[in-house]
Each structure stands twice: as structure tokens, then as C-alpha cells.
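Shown next, in C-alpha cells, is the structure this report addresses.
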Amino acid sequence: MAQRFRIDRRELIAGATVLAAVAAAGAGKAQEKPVQDKPVQDKPVQDKPIIDERTVLIVVDVQNDFCPGGSLAVAKGDEVVPVINTIAKRFSHVVLTQDWHTPGHASFASSHPGRKPFETIDMPYGPQVLWPDHCVQGTKGAEFHPGLDLPHAQTVIRKGYRREIDSYSGFVEADRRTPTGLTGYLRERGILRAVVVGLATDFCVNWTAQDAAKAGFETLVVEDACRAIDLDGSLAKAWADMAELDIQRITASDLPS
Ligand code: VGL
Ligand code: ZN
């Protein structure tokens, strides 16, 4: 269920109107209009989500290899950069994730003779999409996009650095049991709410947002601050799975200015 952020003031006014009418009727006065039992307007006001001292912005994998010219380029991936720079100014807590693979990583098609990028294979921990080599530790492709302007970011969670295990999520690796430490870091800092942005909507943003929600954080994804890979319907499935977990899908304009 989508969450309402604050009680609609017009509902309170409508409630007060009912009380006034009941009081008038009790005093024996003629009632000219029927008692109003509905809000004045049908459409409720959607107030802005809260960004406060207990809210973190998680910027997922805005790295050169996921942007145009990179080895696993997400279409228009670089377009998230100015959007993220703008909204990040409103957050006092910002963390980044960084895909950080070993050379010869098990998620690379090149590590599996006869396999091609974007095929799926079975790994000991479940199905794994095979990718072009990307975000290899210490390479240009693994660096953050140079336009990212987040001087107040407080930590970088690197992930996918074990050769045999991938990690789309910033919280838990693909074996679904190895934690990255991000849950403990955020809990210890008193964070209750996570706003997730970055690349790619249907993989690392999706898994990070789902794990944030499962860890008990109120979770929002800013759609226009993300871009997707969209492999065989993965984007539609990602939004459906996120909705199941009550993850709120918002746009940058929904955030307070
Ligand atoms: C990602 C595929 C492989 C992502 C990372 O950041 O969405 N996708 N590694
Ligand atoms: Zn990766």
C-alpha cells in the first residue's frame, strides 16, 4: 500500500464541518445543507516524503563502465548524474556503492569458456547473468562518473569483490547470506529511511532497494534518478517486486526542495 506522509488537512476541515453541523442540529436549529461526510475533494493531497536526520541517500554504482562508452553501458546512464547531484544537496547523509570486481570474476562471461554476455548460467548460489568484463578493481571503468558531485558523501560500500560471488545489492551478496556491512552501518547511525538512486534500475538499484526494505528501512526509489538495462522484461519485474515490498516509486520532483 502506498504510504501517505501526513494527515490531509482538508480531511480535518471536512471533519470539523461535520462536528459543527451536528452541534447546530443538536441546538434545534434548522439544517440548511446535508451533513458532509466525505472530504471536500476526492483527490487526497500527497505530501512530500520526509528527508531528515534519519534519512540516507544511497547512490548505486554511478561508475564509468555503466555509462555511455563503458563496457556495460546502460542507455543514457550518464543522465542520472545531474539529477543525483541536485537531489543530493537536500540530504545530510549520503553513501555510495561501487561495483568492484576481481579480474576474472565469476560474473564475467569471459570466465566461462563458450559463454556469451547476457546468457544465464547456474552458479552454486542460483542463476547468474553473465556480463561483459566491467568495474574491475582499480580500472577507469570502475571509477565513479567524473561529473558526480557529492563532496558530502560519507562512505563507499564496495561490492562484488569476491571472485566467486556477485553482488548486485549494496547490502547482501548474491549468495543471499554474506552481508556487506551496510545494514549495520546505517542502523548504528540511527538511519530509518533510505532513498535509492543510480544504475541500473532493474539490477543493482532493485536489489539494493529490496534489501533495504527487508532490513526494515522505509525505502523509496527515485525513478528519474535511475536508468535500466532491461533484459527480458527485467525492468517491469523489478518494479513489481519492489511494489510487493511497499517500496515507494517517486520522481525527483516529489522530494522537498
Ligand atoms: C550491475 C550488472 C552487473 C548494476 C552490476 O550496477 O546494475 N549490473 N553488475
Ligand atoms: Zn557487476
Side-chain angles (χ1 to χ4, degrees), residues 57-81 83-84 95-112 115-121 123 125-145 148 156-176 178 180 182 194 196-212 219 221-239 241-242 247:
L57 178 68
I58 304 179
V59 180
V60 176
D61 296 6
V62 183
Q63 292 166 258
N64 290 326
D65 270 341
F66 297 124
C67 292
S71 63
L72 179 41
V74 179
K76 302 182 178 184
D78 54 336
E79 289 184 1
V80 303
V81 172
V83 184
I84 292 172
V95 306
L96 300 95
T97 70
Q98 189 172 26
D99 215 35
W100 196 248
H101 298 307
T102 58
H105 193 262
S107 74
F108 297 168
S110 62
S111 304
H112 304 270
R115 298 291 181 169
K116 290 195 194 65
F118 309 107
E119 290 180 8
T120 300
I121 60 161
M123 295 280 272
Y125 53 77
Q128 169 72 49
V129 179
L130 295 176
W131 304 103
D133 291 22
H134 66 280
C135 297
V136 174
Q137 296 166 4
T139 63
K140 268 265 166 241
E143 288 176 14
F144 292 116
H145 187 285
L148 211 53
V156 176
I157 294 288
R158 287 177 166 169
K159 61 184 181 64
Y161 50 75
R162 289 177 223 274
R163 196 187 170 282
E164 300 304 328
I165 314 176
D166 202 3
S167 190
Y168 296 148
S169 165
F171 289 90
V172 188
E173 298 187 10
D175 62 358
R176 301 281 80 207
T178 306
T180 65
L182 183 56
V196 186
V197 298
L199 304 171
T201 322
D202 40 348
F203 288 91
C204 292
V205 169
N206 170 37
W207 284 57
T208 299
Q210 288 202 38
D211 283 347
T219 306
V221 173
V222 186
E223 184 168 11
D224 51 340
C226 303
R227 291 292 183 280
I229 295 173
D230 203 6
L231 200 61
D232 301 327
S234 57
L235 181 59
K237 184 171 185 329
W239 285 121
D241 291 347
M242 287 191 274
I247 293 167

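Whatever order the structure lists them in is the order used to number ligands and atoms, beginning at 1. Both backbone and side-chain heavy atoms feed into the values below; hydrogens, waters and symmetry mates do not.
- One finds a salt bridge joining Lys159 and Asp99 here, because a Lys/Arg side-chain nitrogen approaches an Asp/Glu carboxylate oxygen to under 4.0 Å.
- In this structure, atom 6 (O) of ligand 1 lies nearest to the protein heavy atom Asp61 OD2, 2.7 Å.
- Counting heavy atoms from C-beta outward, Val80 and His145 have side chains that stay 4.5 Å or more apart.
- None of the N, O or S atoms belonging to His105 lies under 2.8 Å away from the Zn ion (ligand 2).
- Residues Val197 and Val221 fail the side-chain proximity criterion, which asks for heavy atoms closer than 4.5 Å.
- Taking distance alone, with nitrogen or oxygen atoms compared against 3.5 Å, Phe203 stays at or beyond that limit from ligand 1.
- For atom 2 (C) of ligand 1, the nearest protein heavy atom (residue, atom name, distance) is Trp131 CE2, 3.4 Å.
- The single protein non-hydrogen atom nearest to atom 4 (C) of ligand 1 is Cys204 SG, 2.8 Å, given as residue, atom name and distance.
- A perpendicular orientation is assigned to the rings of Phe108 and His101, their planes being inclined by more than 60° (bins at 30° and 60°).
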Using the rule given for side-chain contact (heavy atoms from CB on, under 4.5 Å), can you reason through Arg176 versus Ser169, listing the C-alpha separation, both sets of side-chain angles and the distance that settles it, and then say yes or no?
CA-CA 9 Å; Arg176 301 281 80 207; Ser169 165; 3.7 Å; yes
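- Residue contact check: Ala200 has heavy atoms under 4.0 Å from atoms 4 (C), 6 (O), 7 (O) of ligand 1.
- Counting heavy atoms under 4.0 Å from ligand 1, residue Leu199 touches it through the backbone alone.
- Here the CG atom belonging to Asp211 is positioned 9.5 Å from the OG1 atom belonging to Thr219, to the nearest 0.5 angstrom.
- When you scan the N, O or S atoms of His134 for the one nearest the Zn ion (ligand 2), you land on NE2.
- For ligand 1, the atoms closer than 4.0 angstrom to any heavy atom of His134 are 3 (C), 9 (N).
- Of all atoms in ligand 1, listed by their number and element, those nearer than 4.0 Å to a heavy atom of Asp99 are 5 (C), 9 (N).
- Asp99 contributes OD2 as its N, O or S atom closest to the Zn ion (ligand 2).
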